[in-house]
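Index from 1, following the sequence. In this text the structure is predicted, and so the values were computed from the model without any measurement.
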Amino acid sequence: MDLNQAKEAFELLLHSVRPGATRQFIAWLEDRIEDEQLMMEKEWSRQDKILDSIREDIRGKLPLTAMSDTETIHIPQYKNLNPKTTVHVDAFLYDDDFVERLCEEGKMSRNVCTQCGSHDTQPLRIDVMKWLRPVDLSDKLEEARILLKKTDDADELDKIYLYQVQ
């Protein structure tokens, strides 16, 4: 039975249920669907455990690149990828979370030095200075003083706003 046939059969069955029993039938059906979903989740969980075991076994037998000595990677030219700045990662063996752990452990890097090609890099620390902007102090306006610091050029104000609530 295909999906459309199943839908038609279900509709026929639903319309054949005695009107007083329809709610009970729907409640039973919801419980049955929930039980079926739980069974499917357990099966998926079992299958995921098997796949995790296979991944772990393969990772133990291959280097981090997941390539044997006899394999060669050919980087597609149409994507304008540079072989010096492109790293092959097997998506089956290393999902994003696993790659992140490898990066945190220093076994893999998401960064490359554009000068020498080294992967032994550190992320650049960027401190973003955000300017304070006036906030709504309508109920405490009489308590607020705004100090503006002027630069040497009298026409230009520094973008530093200090709020002092007394």
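- Looking at L64 and R59, their side chains never come closer than 4.5 Å, going by heavy atoms from C-beta outward.
- Checked for salt-bridge contact, R55 and D52 meet the test: a charged N lies under 4.0 Å from a carboxylate O.
- For S118 (side chain) and C113 (main-chain N/O), no donor-acceptor pair under 3.5 Å exists by modelled atom type.
- Using a 4.5 Å cut-off between side-chain heavy atoms of Ile, Leu, Val, Met, Phe, Trp and Tyr, with links allowed through other members, L51 and W44 fall into different hydrophobic clusters.
- No more than 12 heavy atoms of other residues, nucleotides or ligands lie within 6.0 Å of CG in D69, so this atom counts as exposed by the packing criterion.
- Linking ILVMFWY residues whenever their side-chain heavy atoms come closer than 4.5 Å, directly or via other members, leaves V112 and M108 in distinct clusters.
- Salt bridge annotation for R46-E43: present, with a cationic side-chain nitrogen under 4.0 angstrom from a carboxylate oxygen.
- Scanning all heavy atoms of the two residues, the minimum distance from E71 to A66 falls at OE1-O, 3.8 Å.
- Cluster membership for F92 and V89, using ILVMFWY side-chain heavy atoms within less than 4.5 angstrom, is shared.
- Taking all atoms of both residues into account, the shortest heavy-atom contact from Y94 to P63 is OH-O, 4.1 Å.
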List the atom pairs, donor and acceptor, that lie under 3.5 Å between side-chain atoms in residues 25-40 and the rest of the protein, sequence neighbours left out.
residue : atom : partner : partner atom : Å
R32     : NH1  : E36     : OE1          : 3.3

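- D48 CG to E41 CD: the interatomic distance, rounded to the nearest 0.5 Å, is 11.0 Å.
- The distance from atom CZ of R101 to atom CG of D96, rounded to the nearest 0.5 Å, is 11.5 Å.
- The nearest pair of heavy atoms linking A6 to M1 is CA-SD, 3.3 Å.
- Remark: T22 OG1 to L14 CG distance equals 6.5 Å, nearest 0.5 Å.
- Ionic pairing of D57 and K61 is present here: one or more N-O contacts between side-chain nitrogen and carboxylate oxygen are shorter than 4.0 angstrom.
- Heavy-atom contacts from other residues, nucleotides or ligands closer than 6.0 Å to CG of D120 number 12 or fewer.
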